[in-house]
Structure formats: C-alpha cells, structure tokens
Q: 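Structure provided below as structure tokens; questions to follow.
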There are 2 protein chains.
Amino acid sequence: MKKNSETAPAVHYRTASQTLIDLLANAVWVEEGALKRGPFAALTVRDVHTIYAISMYEEKTASQLARMVHLSPSAMTTAIDRLVQKGYVERRRSKSDRRVVKLGLTHQGRILYRAHQAFHLKMTQAMFHGFSDDAAGILEKALDNLKNYLQDLLKE
Amino acid sequence: MKKNSETAPAVHYRTASQTLIDLLANAVWVEEGALKRGPFAALTVRDVHTIYAISMYEEKTASQLARMVHLSPSAMTTAIDRLVQKGYVERRRSKSDRRVVKLGLTHQGRILYRAHQAFHLKMTQAMFHGFSDDAAGILEKALDNLKNYLQDLLKE
DNA sequence: AAGAAATACTTCGATAGTCAAACTATCTCA
DNA sequence: TGAGATAGTTTGACTATCGAAGTATTTCTT
C-alpha cells in the first residue's frame, strides 16, 4: 500500500479532527448509558475507572491511585469508602508500612473489571471492523501515536 | 489495501483495546491540564465543551444544548449563567417565540472555540503523523466506524 | 536513641455542580 | 377564549470535590 496523490492530507485532518472531538465527547456518555442498563447501575463512570485502575494484578496504594485518576487524597478516601461499602474493593493495611493502604478487588470487583475490559474490546472490534491485518497495524500505530502525544502533553 | 492471512487480528485487539482505554481515560485530563496553563484557566472542561457545542454557526436553544451535553434543563440554566457571567456566551430571547432562549458566542467565546478546534487538530495531526494518504484514509474510516458504533449505542 | 520532620491516609468544613419538582411566561389549538 | 403544552428558571436537597487540620507511623538527624 504505497501510492498517494498531491492532495494534502490536511483535508482529512479537518473531518477526522471533528470526528475525534465527537468521539471523545460521546465516549463518556456511552459508557454511562451502558452502565445504567447493566447490573452495575449503582456505579458512576468514575467509580468504574477507579476500580479498573486498581486492576486485577498488582496491588496499588491509595495515593498512587489518587494520582492515577486525578483525585485529591481526601477525595480518594471517600471514593474508596464508597467502593468498599458497595463491595467492589478491599482495604488492606500494608504489613511493612502500616501507614499505607493497599487496595485490592473483591470477587465482584473482578467481575466488573472483566466486564469493563470486554466493553472496550467490543469498541475496538467495531473500530477494526472489516480491516485487513495491514490496516489493523496502521490503526494500532495511530492509536499509539495519539497515546504518546497525550502522555507527553500530560507530563509537561 | 485488501485483506488476507488467517492470523486473526484478535491479537492486535488486546493491546489496541488497552491503548484505547488509556486514551479515553487520559484525554479529559490532558484537556484539563492544557486548559489550566492557558488563558482560559477559569473554565472547566465541561464549560469548554458547552461553548464548543453552541458553535460558531447556527444558534442553538438552551434545551437543544442540554440534550447535546447531557445536562438537565435546570443544570443547563446555571451552566449558562456561569458562561454568561464569564463573558463567553450571550442569551438572546427568540423574537418568534419569546419562551425560547437562543445562545450565541461572544467575541471571547469565538476565540475559545477556535482554540479548542486547534487543540484537537493538533491531536489529530499527531495521530496521523508519518502516514501516507492511503493510511490516512484507513484511519479515517476507523474513526468513523468507532463514532458510528458509539452513536448507535447511545441511541439504544 | 530521642526528637523533629516527613509520609500516608483520614476527618472536617466549605463549596460547587447536579437533579427533580414547583413555578412563570409564552404559545398552540380547539 | 381558555386548557393544555412548551421553554426556561428558581428552589431545595444531595453529592463529589477540595484544602486544611488531624492522626498514626516511619525515617532522618544528631
């Protein structure tokens, strides 16, 4: 797939950029809507992201998590209170340093984690729909480009 | 760009999906951060989106706008209050139907509109960086796929 | 090893954004 | 003309958030 024309891709950018805006704006509401209909109706999108950030695998501390989801430590305390109370998250005081609180998912939390993962996987599939492997590679590269760009912006 | 190979792109999906999650999660904070550093520090991301939704071109009514940004009418009233007070938006009572409030951007609002547009255009450029026209076409198609998928989900 | 400083988290008080319900003004149509 | 519908606003209650002060624990300093 080489070739090309003189018509600058700048033309694409305009519409693509608009699409991207719509996309980012809608994504939250789609997630919100999907949530409200499912078995996790009592959770907000932020709750879900917090649970997702805790993740299945490595234990995280409360303050790590606060940084990850951009909450103040105090807000994180109450956010965790909520999630503990609803049965998605467990507080585990660290043995080695009894100040720190390690967070883990309960069984229910793990179920939600997988559901969230599946939700996004379906989105991805929709995005790649009908594409060849080559095209999929391109797409992946583009997503990576964007991710890196945003991460650089965040660091500044 | 045709098709080929049996090796399912499912492999791609996993990582791409993860990238997509990170991306959607980060996008808000990048925007927030960019906002805080710029000359529009007094605005929230939601404010900016509301202003952007009002748009330069066609006048919108308050309730149209409320639907677009997923706010209740009453919340929209106070959101507009904020934006009027800060000098980005104008309320114009419709001549033909004096119940309805048409919304328009002030000069300052238009400046913000363009800045927001430029911000996203840069994101898009980063995403397309180094791509041929063909590749760009694929990417555009993918974005469109995703947008449609999300919009369908929203409608359900 | 004792006291001072730093760290991790929590509690508290204040604030801001949200919604639903009640309200006002205006329009439609029968 | 009057009953009901519509567009937006006001009100009251609620919730998430933050910053500041507080508690418990650890680390550093001398």
Side-chain angles (χ1 to χ4, degrees), chain A residues 25 28-29 31-33 35-37 40-54 58-86 88-104, chain B residues 25 28-29 31-33 35-36 40-54 58-104:
Chain A
V28 183
W29 302 114
E31 205 160 352
E32 182 101 0
L35 210 54
K36 288 289 165 266
R37 279 190 292 282
F40 301 111
L43 295 172
T44 69
V45 171
R46 176 154 245 175
D47 285 338
V48 173
H49 284 161
T50 306
I51 290 170
Y52 198 79
I54 290 174
E58 15 153 7
E59 289 196 318
K60 304 224 170 52
T61 72
S63 31
Q64 280 176 333
L65 205 61
R67 277 190 298 275
M68 288 177 72
V69 292
H70 299 264
L71 277 184
S72 68
S74 53
M76 184 45 81
T77 295
T78 63
I80 294 170
D81 285 346
R82 261 201 315 277
L83 294 176
V84 167
Q85 211 250 310
K86 288 176 184 162
Y88 292 92
V89 171
E90 273 177 4
R91 273 194 176 90
R92 305 172 190 148
R93 217 88 209 183
S94 160
K95 293 282 182 195
S96 57
D97 183 342
R98 306 192 341 89
R99 290 170 305 178
V100 334
V101 170
K102 300 268 195 182
L103 300 167
Chain B
V28 183
W29 302 113
E31 205 160 352
E32 182 101 0
L35 209 54
K36 288 289 165 267
F40 302 110
L43 294 172
T44 69
V45 171
R46 177 155 244 175
D47 285 338
V48 173
H49 284 161
T50 306
I51 290 170
Y52 197 79
I54 290 175
E58 14 151 8
E59 288 195 317
K60 305 226 169 52
T61 72
S63 30
Q64 281 177 333
L65 205 61
R67 277 189 298 275
M68 287 176 72
V69 291
H70 299 264
L71 277 185
S72 69
S74 52
M76 184 45 79
T77 295
T78 64
I80 294 170
D81 285 347
R82 261 201 315 278
L83 294 176
V84 167
Q85 211 250 311
K86 288 177 184 163
Y88 291 93
V89 171
E90 273 177 4
R91 273 194 175 90
R92 305 172 190 147
R93 218 87 210 185
S94 160
K95 291 283 182 196
S96 57
D97 183 342
R98 306 193 343 88
R99 290 170 304 178
V100 334
V101 170
K102 299 268 194 180
L103 299 167

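Sequence lines set the chain letters: A, B, ... in the order given, protein chains first and strands last, and positions in each chain run from 1.
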Q: Could you tell me the separation between the CD1 atom of B:Ile51 and the CG atom of B:Leu65, rounded to the nearest 0.5 Å?
A: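 Here the rounded value is 10.5 Å.
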Q: Take atom CZ of A:Arg99 and atom C1' of C:dT11, then tell me their distance rounded to the nearest Å.
A: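 Distance check: A:Arg99 CZ to C:dT11 C1' gives 19 Å.
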Q: Quick one: are B:Leu43 and B:Leu83 in side-chain contact, heavy atoms under 4.5 Å?
A: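 Yes; the side chains approach each other to less than 4.5 Å.
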Q: A:Asp81 CG to C:dT11 P: how many Å, rounded?
A: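 Checked: the CG to P distance equals 7 Å.
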Q: Between A:Ser72 and A:Ser96, just flag the one whose closest nucleotide in DNA chain D comes earlier from the 5' side.
A: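 The residue whose closest nucleotide sits nearer the 5' end is A:Ser72.
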Q: Any idea which of C:dT18, C:dA8, C:dT10 is nearest the A:Ser63 side chain?
A: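 My answer, after comparing the listed nucleotides, is C:dA8.
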Q: I'd like to know if the side chain of B:Arg91 reaches the main chain of B:Leu103, judged simply by a donor and an acceptor atom lying under 3.5 Å from each other, with no hydrogens or angles considered.
A: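 Here the side-chain-to-backbone pair does not exist.
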Q: Let me know the distance between CD of A:Glu32 and P of C:dT18, rounded to the nearest Å.
A: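 Computing the A:Glu32:CD to C:dT18:P distance gives 12 Å.
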Q: Which residue lies toward the 5' end of DNA chain D, A:Lys95 or A:Thr78, if each is placed at its nearest nucleotide?
A: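 Nearer the 5' end of the strand: A:Thr78.
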Q: Without decimals, in angstroms, what is the distance between B:Ile80 CD1 and C:dG17 C1'?
A: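 One finds 15 Å between C1' of C:dG17 and CD1 of B:Ile80, rounded.
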Q: Tell me whether A:Lys102 is salt-bridged to A:Asp97, with the criterion being a basic N under 4.0 Å from an acidic carboxylate O.
A: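 Answer for the salt bridge query: no.
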Q: A:Lys102 has an atom NZ; how far is it from atom C1' of C:dC9, in whole Å?
A: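 Taking atom C1' of C:dC9 as the reference, NZ of A:Lys102 is at 14 Å.
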Q: Please identify the 5'-most and 3'-most nucleotides of DNA chain D with any atom under 4.0 angstrom from a heavy atom of chain B.
A: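 So the contact region on DNA chain D extends D:dA5 to D:dT10.
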Q: Rounding to an integer number of Å, can you tell me how far B:Met76 CE sits from C:dG17 P?
A: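 Going from B:Met76 (CE) to C:dG17 (P), I get 13 Å.
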Q: Rounded to whole angstroms, how far apart are CD on A:Gln64 and P on C:dC9?
A: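 Roughly 8 Å, once rounded to whole Å.
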Q: Does a nitrogen or oxygen in the side chain of B:Arg82 sit under 4.0 Å from OP1 or OP2 of C:dG17?
A: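 Yes.
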Q: Rounded to whole Å, how long is the line connecting atom NZ of A:Lys60 with atom P of C:dC9?
A: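 Taking atom P of C:dC9 as the reference, NZ of A:Lys60 is at 14 Å.
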Q: What's B:Thr61 touching, base or sugar-phosphate or nothing? Going by heavy atoms closer than 4.0 Å.
A: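 Here B:Thr61 touches the backbone only, sparing every base.
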Q: To the side chain of A:Ser74, which of C:dA21, C:dT11, C:dC27 is closest?
A: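 Comparing C:dA21, C:dT11, C:dC27 against the side chain of A:Ser74, the answer is C:dT11.
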Q: Answer yes or no: is there a side-chain heavy-atom contact under 4.5 Å between B:Ile80 and B:Val101?
A: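 No; the side chains remain at least 4.5 Å from each other.
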